[in-house]
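Here the structure is laid out as structure tokens; the discussion comes afterwards.
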Amino acid sequence: MSSRPARVPSTSRFLNPYVVFFGVVAGVLILAVTIALLIHFLAFDKKSYFYSSSFQIPNVQYSDHLNSPATQEYRTLSGRIESVITTTFKESNLRNQFIRAHVVKLRPNSSGVMAEIVMKFKFSRNNNAASMKSRIESVLLQIPNKFENLEINPSTEITSLTDQDTVEMFNQECGAHPNLITLSEERVMGGIKAEEGDWPWQVSLQLNNVHFCGGILISKTWILTAAHCFRSHSDPHQWTATFGISIAFPAQRKRINTILIHNNYNFVTHENDIAVVKLDGAVPFTKNIHRVCLPEATQNVSPGSTAYVTGWGSQSFGGNTVRELQQGRVYIISNNVCNAPTSYNGAVLPGMLCAGVPQGGVDACRGDSGGPLVQQDSRRLWFLVGIVSWGQECGLADKPGVYTRVTAYRDWITQQTGI
Ligand code: ARG
């Protein structure tokens, strides 16, 4: 009987030149990608860093005008401080790392005014914290102590902030969009649907847990809205307020304690269509939920300027309210133009304000009442200029939205709420 020797598996299969070739190529590729990623993260990938500091402004006398970001004095002084910082960093060796500076508060100080500043930088990850801090501090030393007649003593002490610290600093202020809180680039707005945090002061006022009107957060406990929302339901116990862009899944909900309607509200003429509502306890402010700025009584709202109206109201006359917050860009229209015979023919009273688009199509509608009409100032803070009040149908040409003119009721708001 003959037998052939058992076949020994040949090792040549493992040394197949193609297998070896692809194996080596794959190995080299994996190594190259790993090294590239490592280099990228260490050297090129930039991370944001926030710092706070206080600058002393010795030759400016502190006055009540510097108490509120709504005054011209506050805007001018903060704007000048921000521009000194920006100019200095843009001319320094940190020009590529410096992003923005923002004054969050002006405080009185023994020798003038103290400005609290937040600054944002982007550094690649291989920088160490101590060296970044000292590089920033040495640029702060280069700030001229007199710049266009403004004397500044920058503190060289800077404190590094966590994201939460930054949010808390901005929440002492009003009207900040989350993009301002992160000192990021201007966002492009044009969409119809709002993103979480886009309108942090927007409130949904709900009657027996069903959306009924919009509202505007002006402090941790007070909401501004329209008087006509309470025409047939003025018992606070029937009402709740929700926060966040979704009505179905609100970020927070609060009961309502008190409803104060303007004594001279007239439902025929819509005159004095304003009310304030007190929450049953303070709503905790977050990056996405906080108050809007109120204008000064004397602030003028220029015809032609851009404003945004937001709400869950219906998207066409006779339609239903919607579940996700919507926004519309409109333009301020002078009362004169708005009272033209083809428009509202005299029905727009001095305490009212019109806003719309010339051909119609963008407007508030049923369910938006009591909600905000806001404008952005030169420092990117948002101010309330109107409260959705009335209109003939919705979005008709020559029939713009009519709003309660907030500047006309600025003192009334203070009388009711102390704000
Ligand atoms: N009164 C309406 C409401 O109860 C809002 C009217 C706004 N209309 C307009 N065309 N802008 O929700």
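Here the structure is a predicted model, which is why all the values come from computation and not from measurement. In what follows, every heavy atom counts, from backbone to side chain, and hydrogens, waters and symmetry copies are set aside. Nothing fancy with the numbering, it's 1 onward along the sequence. Both ligands and their constituent atoms are indexed starting at 1 by order of listing.
Closest to atom 11 (N) of ligand 1 among all protein heavy atoms lies Asp363 OD1, 2.9 Å. Here the heavy atom of the protein found nearest to atom 9 (C) of ligand 1 is Ala364 O, 3.2 Å. At the top of the distance list for atom 5 (C) of ligand 1, counting protein heavy atoms only, stands Ser369 OG, 2.8 Å.
Residue-ligand proximity, His228 to ligand 1, at heavy-atom distances under 4.0 Å covers atoms 1 (N), 3 (C), 4 (O). For ligand 1, the atoms sitting less than 4.0 Å from at least one non-hydrogen atom of Arg366 are 3 (C), 12 (O), numbered in the order shown with element in parentheses. Shown in contact with Gly367 at under 4.0 Å from a heavy atom are these atoms of ligand 1, numbered in order with element: 3 (C), 12 (O). Close contacts of ligand 1 with Glu393, meaning ligand atoms under 4.0 Å from a residue heavy atom, involve 9 (C), 10 (N). Every atom of ligand 1 with a heavy atom of Gly401 under 4.0 Å away is listed here by number and element: 11 (N). Those atoms of ligand 1 with a heavy atom of Cys394 less than 4.0 angstrom away are 10 (N).
Relative ring orientation between His270 and Trp390 is described as parallel, the plane-to-plane angle staying below 30° on a 0-90° scale split at 30° and 60°. Under the 30°/60° scheme for interplanar angles, the aromatic rings of Phe285 and His290 are found to stand perpendicular. Taking the six-membered ring where the residue is Trp, Trp412 and Tyr409 present perpendicular rings, their angle passing 60° and hence far from 30°.
Side-chain contact between Glu324 and Ser246 is present, with heavy atoms from C-beta onward closer than 4.5 Å.
Considering Thr258, Thr221, Asn257 as possible partners of Asp280, the one that fulfils the side-chain hydrogen bond (donor to acceptor under 3.5 Å, both in side chains) test is Asn257. With Phe230 as the partner, the ring pair (Phe, Tyr, Trp, His ring centres under 6.0 Å) test is satisfied by one option alone out of Trp239, Tyr265, Phe212: Trp239.
Using 4.0 Å as the threshold, Gly313 has no heavy atom nearer than that to any atom of ligand 1. The shortest separation from a heavy atom of Lys399 to ligand 1 is not under 4.0 Å, leaving the residue out of contact. Residue contacts with ligand 1: Gln392 is excluded, as none of its non-hydrogen atoms falls under 4.0 Å.
Neither the backbone nor the side chain of Ala226 comes within 4.0 Å of ligand 1, counting heavy atoms alone. Contact annotation: for Ser389 versus ligand 1, heavy atoms closer than 4.0 Å belong to the backbone alone. Contact annotation: for Asp368 versus ligand 1, heavy atoms closer than 4.0 Å belong to the backbone alone.
In this structure, Arg379 contributes its side chain and Val103 its backbone to a donor-acceptor pair below 3.5 Å. Distance alone, capped at 3.5 Å, places no donor-acceptor pair between the Ser314 side chain and the Phe317 backbone. Put simply, the side chain of Ser53 never gets that close to the backbone of Ile158: no donor and acceptor are under 3.5 Å apart.
Aromatic ring centres of Trp199 and Tyr308 lie closer together than 6.0 Å.
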